[in-house]
Amino acid sequence: MPEQLKVAYYLPRFPRLTETFILREMIHLRELGLDVQVFSLAPPLPSSTMHQQVQEMMPYVHYSPFLFSIKLLLAQFYFLFRSPLKYIHAFIRAIWQTMPEPKTLMRVLIMFPKSVYFARQLQEMKVDHIHAHFVWVNGIAAQIAADLTGITYSLHAHAWDIFYRKPESVRRQLELATAIVTVSEYHRIYLANLCPRWHPEDIHIVHYGLDPIEFTPEHVPSEDDTIHIMSVGRLEEKKGHEYLIDACKLLSTRGDKFQCSIVGRGRLLESLQARINELGLQECVKLLGAMNQTEVQNLYRHSDIFVIACVIAKSGDRDGMPNVLLEAMAMQVPIITTPVTGNPELVRDGDNGLLVPERDTHALALAIERLINDPSLRSKLGQAGHQTVLAGFDIHQTAAQLAGVFREICGD
């Protein structure tokens with residue numbers, strides 16, 4: 001194995017505001033001496049909101065040319081003439097993996113020439129391993145590269161990519177991967193039950209990681225006795241924002257003095273704002289839209305309570321273990337969440353946070369009110385949460401663990 005392991009990160013799109021955890025991971029892997037190169041299937045969306053750390057990775061990012069370009073065409077000819085059976089085999093397997101999902105199949109057919117082009121680049125760059133975050137089309141692109149070049153690849157399973165999609169499609173992708181990485185024991189058991197090829201012990205758990213230096217507790221109390229509540233997450237059903245808004249109505253009715261800020265953008269923006277207006281909460285509940293990491297960290301510093309009321313959506317979609325829980329805990333903000341998926345593996349009720357049943361507005365309101373009225377409990381939970389992150393979610397530890405997985409796969 002080469003002294004410097006060269007790993008290609010296959011991503012659906014880079015950079016992406018909501019995937020800070022991947023950005024952190026890649027930066028720290030490079031600091032550990034791995035040559036991490038990013039292969040993005042799609043260009044970045046035009047956005048004025050982006051994390052400052054993105055610039056550290058941009059010199060190592062590769063994008064595919066437009067469809068029907070000469071470069072793409074040459075890559076197809078290269079493999080067709082040198083390895084026609086491998087090319088046809090890769091194409092058939094790409095279709096097989098997505099046949100249960102016609103819309104995904106169309107994406108893969110459009111993406112196939114780009115995947116072949118990336119495979120040729122991997123050969124020229126002498127890449128040792130491919131890592132694909134999400135069991136999704138970028139994972140299929142990794143499979144295409146593996147079929148064409150023989151390079152090993154791992155799939156990193158998270159949330160919507162395994163819970164929202166059709167189980168058969170997910171199973172087919174899992175069956176073909178060289179290795180599987182995921183984020184919690186809940187995920188490990190779920191994936192092993194879904195795909196019997198994988199024994200639970202063979203699925204690697206690597207937690208999300210934060211840099212404790214970057215997330216240093218520095219609480220800024222309000223000038224009056226107003227309690228500041230915050231939540232961060234895309235405006236989607238699985239984040240449970242509607243239950244937080246309803247809980248705020250109960251708190252308001254009881255006379256509690258608070259301000260609630262919800263950071264994020266998404267499909268439910270209009271309906272959530274309409275709910276706020278209908279309940280007369282315009283003065284105390286604000287939808288702040290998207291923010292970069294610096295802005296979110298500043299909000300943590302000015303917040304007394306962090307809430308994310310995760311639910312299993314009607315579609316089956318759910319969070320894995322929200323990275324924002326780790327951020328709030330690292331910043332020593334006491335947290336309230338629900339025992340969905342991997343959350344109970346992070347949050348111990350009454351010890352380093354509070355857990356309430358999902359979709360239970362009254363229980364959520366009571367938990368928030370409990371923290372509003374008990375500053376000592378807020379302090380205790382905040383400190384315990386901070387220690388939890390230091391002990392098991394330090395990015396230096398998690399990145400080193402993932403680097404070990406890559407080296408094991410490559411035969412170190």
Side-chain angles (χ1 to χ4, degrees), residues 12-13 16-20 45-49 101 103 134 136 158-166 227-254 256 258-292 295-296 299-300 303 305-325 327-328 335-341 343 355-369:
R13 187 187 302 275
R16 199 165 193 153
L17 184 66
T18 57
E19 294 172 5
T20 319
L45 294 171
S47 173
S48 58
T49 306
E101 299 175 324
K103 289 183 179 180
F134 309 110
W136 182 230
H158 292 279
W160 61 267
D161 54 316
I162 57 175
F163 299 128
Y164 178 71
R165 297 184 61 206
K166 288 190 175 181
I227 293 294
H228 289 268
I229 305 164
M230 71 173 288
S231 185
V232 182
R234 292 189 302 277
L235 306 184
E236 297 180 0
E237 182 188 356
K238 68 179 178 179
K239 301 295 182 180
H241 293 312
E242 62 182 285
Y243 300 99
L244 174 56
I245 293 170
D246 289 352
C248 285
K249 177 60 179 178
L250 294 178
L251 296 173
S252 176
T253 302
R254 295 168 184 170
D256 291 305
F258 68 93
Q259 285 287 326
C260 179
S261 302
I262 300 174
V263 177
R265 60 189 175 197
R267 294 171 291 183
L268 298 184
L269 173 61
E270 292 184 3
S271 63
L272 291 176
Q273 186 60 61
R275 197 179 196 95
I276 292 170
N277 297 343
E278 179 185 350
L279 297 175
L281 298 173
Q282 299 93 323
E283 296 301 317
C284 59
V285 179
K286 305 290 184 183
L287 301 180
L288 302 184
M291 289 184 171
N292 63 33
E295 294 168 327
V296 173
L299 192 58
Y300 284 131
S303 297
I305 302 170
F306 181 89
V307 180
I308 183 163
C310 305
V311 302
I312 298 178
K314 296 180 181 66
S315 64
D317 193 13
R318 67 203 80 168
D319 266 320
M321 183 187 288
N323 194 59
V324 291
L325 283 176
E327 294 179 356
I335 63 169
I336 302 172
T337 189
T338 61
V340 169
T341 57
N343 288 354
L355 292 173
V356 299
E358 63 172 313
R359 301 183 188 274
D360 192 332
T361 300
H362 290 277
L364 180 58
L366 286 173
I368 297 172
E369 191 169 48

Do His228 and Phe258 have side chains that approach each other closer than 4.5 Å (heavy atoms only, starting at C-beta)? no
Exam field: side chain Ser231 to backbone Val307, donor-acceptor pair closer than 3.5 Å: yes
What's the separation between atom CG in Asp317 and atom NZ in Lys239, rounded to the nearest 0.5 Å? 9.0 Å
Does the Ser303 side chain pair with the main chain of Leu299, one donor and one acceptor, at a distance under 3.5 Å? yes
Nearest heavy-atom neighbours spanning Arg318 and Phe163: CG-CD1, 3.2 Å
Do other residues, nucleotides or ligands put more than 12 heavy atoms under 6.0 Å from the CD atom of Gln282? yes
Would you say Leu244 and Cys260 make side-chain contact, with heavy atoms under 4.5 Å? yes
Contact between Ile262 and Leu235 at the side-chain level, heavy atoms closer than 4.5 Å - yes or no? yes
Got Leu45 and Arg13 here, is their nearest side-chain heavy-atom distance under 4.5 Å? yes
Given the options Leu269, Leu268, Val263, Leu287 meets side chain to side chain contact (heavy atoms under 4.5 Å, CB included) only with Leu269
Given 3.5 Å as the limit, does a donor-acceptor pair link the side chain of Arg234 with the main chain of Thr18, or not? no
Atom CD1 in Ile305, atom CD in Glu369: separation rounded to 0.5 Å? 10.0 Å
Gln259 versus Ile229: any side-chain heavy-atom pair under 4.5 Å? no
Atom pair CG (Leu288) and CZ (Arg265), whose distance is rounded to the nearest 0.5 Å: 13.5 Å
Nearest-0.5 Å distance, CG of residue Asp256 to CD1 of residue Ile368: 9.5 Å
Which heavy atom in Trp136 sits nearest to a heavy atom in Pro12, and how many Å separate them? CD1-CG, 3.9 Å
Determine whether more than 12 heavy atoms belonging to other residues, nucleotides or ligands lie under 6.0 Å from atom CZ of Arg267. no
Please answer whether the main-chain N or O of Ala159 pairs with a side-chain N or O of Asp161 as donor and acceptor at a distance below 3.5 Å. yes
Hey, could you give me the SG/CG distance between Cys310 and Asn343, rounded to the nearest 0.5 Å? 5.0 Å
Measure the shortest side-chain to side-chain distance between Val324 and Phe306 over non-hydrogen atoms and say whether it is less than 4.5 angstrom. yes
Specify the closest pair of heavy atoms between Val356 and Ala367, including all atoms of both residues, with the distance to one decimal. CG1-CB, 3.6 Å
Do any N or O atoms from the side chain of Gln273 and from the backbone of Glu270 form a donor-acceptor pair under 3.5 angstrom? no
Would you call Glu242 and Leu272 a side-chain contact if the rule is heavy atoms closer than 4.5 Å? yes
Counting C-beta onward and ignoring hydrogens, is there a side-chain heavy-atom pair between Phe134 and Arg165 closer than 4.5 Å? no
Do you know which two heavy atoms are closest between Ala290 and Leu17, and how far apart they sit? CB-CD2, 3.6 Å
Backbone N/O of Pro322 and side chain of Asp319: donor-acceptor pair under 3.5 Å: no
Should Val232 and Ile308 be marked as a side chain to side chain contact (heavy atoms under 4.5 Å, CB included) after you check the CA-CA gap, both sets of side-chain angles, and the distance that decides it? CA-CA 7 Å; Val232 182; Ile308 183 163; over 6 Å; no
If I compare all heavy atoms of Val311 with all of Glu358, which pair ends up nearest, and what's the gap? CA-OE1, 3.2 Å
Any idea which heavy atoms bring Leu279 and Lys249 closest together, and the distance? O-NZ, 3.1 Å
Distance, nearest 0.5 Å, that separates CG of Leu281 from NZ of Lys286: 10.5 Å
